[in-house]
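First the proteins, then the strands, lettered A, B, ... as listed; each starts at 1.
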Number of protein chains: 2
Amino acid sequence: MKEIKVGLLGFGTIGTGVVKVIQQNAEVISQRLGTKLTLAAIADRDITTDRGVVLEPGVLTDDADHVLTNPDIDVVIELIGGYEPARTFVLKALENGKHVVTANKALLALYGQELMLAAEKNNVSLLFEAAVGGGIPILSSIRENLCANQFSDVFGILNGTCNYILTRMTENGEDFSDVLADAQELGYAEADPTFDIEGIDTAHKLSILMTMCFGTWVDFDSIYTEGITRITALDIQYARQFGYQIKLLAIGKQEDGVVEARVHPTMIPDTYSLAEVRGVLNAVRLIGDFVGPVTQVGSGAGMDATASAVLGDVMSLSRQMLGESSFLPPALNYLTKNITTLPVRAMEDITSPYYVRVMVEDRPGVLAKIAATLGEYNISISSMIQPERELGGCVPIVLMTHDAVESDVRAALEKIDQLDICREASLFIRIENDLA
Amino acid sequence: MKEIKVGLLGFGTIGTGVVKVIQQNAEVISQRLGTKLTLAAIADRDITTDRGVVLEPGVLTDDADHVLTNPDIDVVIELIGGYEPARTFVLKALENGKHVVTANKALLALYGQELMLAAEKNNVSLLFEAAVGGGIPILSSIRENLCANQFSDVFGILNGTCNYILTRMTENGEDFSDVLADAQELGYAEADPTFDIEGIDTAHKLSILMTMCFGTWVDFDSIYTEGITRITALDIQYARQFGYQIKLLAIGKQEDGVVEARVHPTMIPDTYSLAEVRGVLNAVRLIGDFVGPVTQVGSGAGMDATASAVLGDVMSLSRQMLGESSFLPPALNYLTKNITTLPVRAMEDITSPYYVRVMVEDRPGVLAKIAATLGEYNISISSMIQPERELGGCVPIVLMTHDAVESDVRAALEKIDQLDICREASLFIRIENDLA
């Protein structure tokens, strides 16, 4: 039986993990595949650093073309990250008739459509399980077994850095900036953490999930993206008093052909499975019309878990090659020709319950004024925490609303912020308490 | 493109669900498959009952051969359940060159090897995602994306009836028999609940998971199977005091080519993801050498969720047929020729921490006697609950041990039961607190 030859672009942490899996689990891989996976070439600019793995002589090169144009190589694994030269290399690999596996969510979120169409045109596949949720097999689950469902919702905790920070803030009452500094020291956050803490990385992943769940291309700029930097230990503490946790959630919804695509700190009840997802773990929760809710939890990052997902894709492609199948697996769940562009609901138009915190002077009549202003905008209060009174001081009024329209909430809070009783700008957090 | 024609054996609850999915989601299925799925024939002994779905005339028949020998039918879905005639029909379908999808875990647990080899001999596939964990896509996850991992552990909450009963006992302090009666009335338990509450159904499913994770055929009788009938509200209450929950767990382990295969009530820490799995939900937690722990939670039974899993398999097979692939998906993750029969560790030889409850006369020196007997058998106590004292009365002594060997625990408790201070037979529950 034909041996499968793999080429690797990028020999960093994940690339090293891929080499480890191929070497360490060679036997079990061939017991499941019926043939051998061979690492034919690795290209990286740095060919001198010792990565702690032993390679056959001649395998490591600093010339990407050695992988991209090598006629022996069946599958190219792209682990360079970022937009360029990753995009150019992936396109070249596809044009040369090679299947491609990537973990590059940024690339897919911005150039996914172009790359998918290039794969199709060249009659090869582009797979990317490792790009969403690390080792969690969520994309192959959607495509391989949940594929008879119409999905209404997809929720994700997709960034380990944010979840680690929020978990520590929740469990130890620590402040955002302290935990971030610590996370950077521990290697859980990058030196420049912008992509993570501002929600951009999560939005990249949401974009991929939405295409696979709802059959829509997602213009990355249409995803509302709000990070966790505004979240304070105080709000986390109030959330807990209401029986809620604050998570950075990717939220995709679809109803009657209109989608919502948003990433923001979200309050979810303590009793929900996603509330239990602590530290650097990732999780995805989907709701299908027949399967109902399905939750998957696992390692969202790291050398080993990510390499597991990459190799899963390589093995899928290998089986397809071994069977000489003329039908390519629909990487995005839908055949690309059936993927449309569904309208995205404007953020002002979404409906949700809200958590609201207003910092006010502590004097009689304050609450009445706030309630009246909310009422003017059709916002009704579902529960409230009565702060400790401190006459003449500044106290938080903390409340949860019933379902309200975002534009109403924004307008009401703008008006409240202008009241003379207000001491600082109010803050709101969206709530998901109907995850089914 | 070729239309895929499906035939159905058994038109009960799940069968009706399958018809609903095919009809209701016809459009999205064809957007993902590129072709239509058609239900060509349904065979059931009862062709008169109204199942609430509308069929084309001539589709429903009481002659199984109408499905089994119909040259138009590509995939046969077996939803009869039980051993016969299901086994005969599945074999006949395979021999007639049809792919088969089944939800029949009992059949697979007892005749899986025979059926798999028959499928292989006839160059067709037999898939069974719905047999384990209902709608949870765990089998396809193992096969399609986690397949580069060696697994050390698989844990499952695989029976909704048991989990429902234990959840209610835990949350409301109710007694086993009361909840069971109620569950029967609510339709969560069968009139004859033996298969569920004695752990047999869970063991059927464990057998399938073990073959896929560890590459071993499992003699069904080698699975140690203990149900939940001995569990009392009292033990659940003590477990909670230790910070644990009691779940009926399927446990598969593999180390150095020796496996453990057991189903029994198990104490797991409150903080574990499986402890959060409430009511009729199912869950599976796997530990792979690269991916680490992965948990999946969802509906383990019911018409809709099970039908979702069945259709997932049908769509996988359809893609294979559309591509005219000559390589059959390795339904058991391993190529069957590479599946061996690993030795199963005898139950007396397993090592685990234990929860022990002894009902004793409340008089001085009792604890010392018990501790001394445990010590004789190399069993050390890790923590203990001091019962309310009731001089001269009967009190429970409740303790947790460090890792101990099962045969030692059994021998020590047999000896303790013979002490004159003992009022009733002692009870022990195995603990898993190292799920990673």
Q. With a 4.5 angstrom heavy-atom cut-off, which part of A309(A) approaches chain B: side chain, backbone, both or neither?
A. both
**Q.** Shortest non-hydrogen contact from G34(B) toward L335(A)
**A.** CA-CD2, 3.6 Å
Q. Of the non-hydrogen atoms in E144(B) and E144(A), which two are nearest, and what is the gap between them?
A. CG-CG, 3.9 Å
Q. With a cut-off of 6.0 Å (strictly less than), are more than 12 heavy atoms of other residues, nucleotides or ligands near CD of E324(B)?
A. no
Q) If you round to the nearest 0.5 Å, how far is OG of S140(B) from CD1 of I142(A)? A) 11.0 Å
Q | Part of R278(A) lying under 4.5 Å from any heavy atom of chain B | A | neither
Q: Tell me, for S30(B) versus chain A, whether the close heavy atoms (under 4.5 Å) come from the side chain, the backbone, both or neither.
A: backbone
Q. So which of I339(B), D289(B), V284(B), T295(B) has the largest heavy-atom pair count under 4.5 angstrom toward chain A?
A. T295(B)
Q: Hey, could you give me the CG/CG distance between L328(A) and L322(B), rounded to the nearest 0.5 Å?
A: 12.0 Å
Q) With respect to chain A, which residue among Q150(B), K20(B), R143(B) yields the maximal number of heavy-atom pairs within a distance under 4.5 Å? A) Q150(B)
Q. What are the two closest heavy atoms between R32(B) and C213(A), and how far apart are they?
A. NH2-O, 3.5 Å
Q: Would you indicate whether the side-chain heavy atoms of Q296(A) and S141(B) approach each other to under 4.5 Å?
A: yes
Q. Do the side-chain N and O atoms of N25(B) and N149(A) include a donor-acceptor pair separated by under 3.5 angstrom?
A. no
Q.
Would you say CD of E171(A) has more than 12 non-hydrogen atoms from neighbouring residues, nucleotides or ligands within 6.0 angstrom?
A. yes
Q | N338(A) side chain to Q31(B) backbone, donor-acceptor under 3.5 Å | A | yes
Q) Contact part of E27(B) toward chain A, heavy-atom cut-off under 4.5 Å: side chain, backbone, both or neither? A) neither
**Q.** Contacting region of E276(A) [heavy-atom separation from chain B under 4.5 Å]
**A.** side chain
Q: Identify which of V28(B), V294(B), N333(B), L311(B) forms the greatest number of heavy-atom pairs closer than 4.5 Å to chain A.
A: N333(B)
Q | side-chain contact (heavy atoms from CB on, under 4.5 Å) between V291(A) and D304(B), worked out | A | CA-CA 6 Å; V291(A) 76; D304(B) 287 353; over 6 Å; no
Q) When heavy-atom pairs shorter than 4.5 Å are enumerated against chain B, which of G302(A), G298(A), G135(A), P137(A) gives the highest number? A) P137(A)
Q. Among E129(A), R319(A), M321(A), Q24(A), which residue forms the greatest number of heavy-atom pairs with chain B at distances under 4.5 Å?
A. R319(A)
Q. In terms of heavy-atom pairs under 4.5 Å with chain A, which of L146(B), I29(B), I136(B) leads?
A. L146(B)
Q) Which heavy atom in C147(B) sits nearest to a heavy atom in G312(A), and how many Å separate them? A) SG-CA, 4.2 Å
Q) Any idea which heavy atoms bring G17(A) and F290(B) closest together, and the distance? A) O-CE2, 4.4 Å
Q.
Is S273(B) close to chain A through its backbone or its side chain, or both, or neither, when contacts mean heavy atoms under 4.5 Å?
A. neither
Q) Where on K337(A) is there a heavy atom nearer than 4.5 Å to chain B: the side chain, the backbone, both, or neither? A) neither
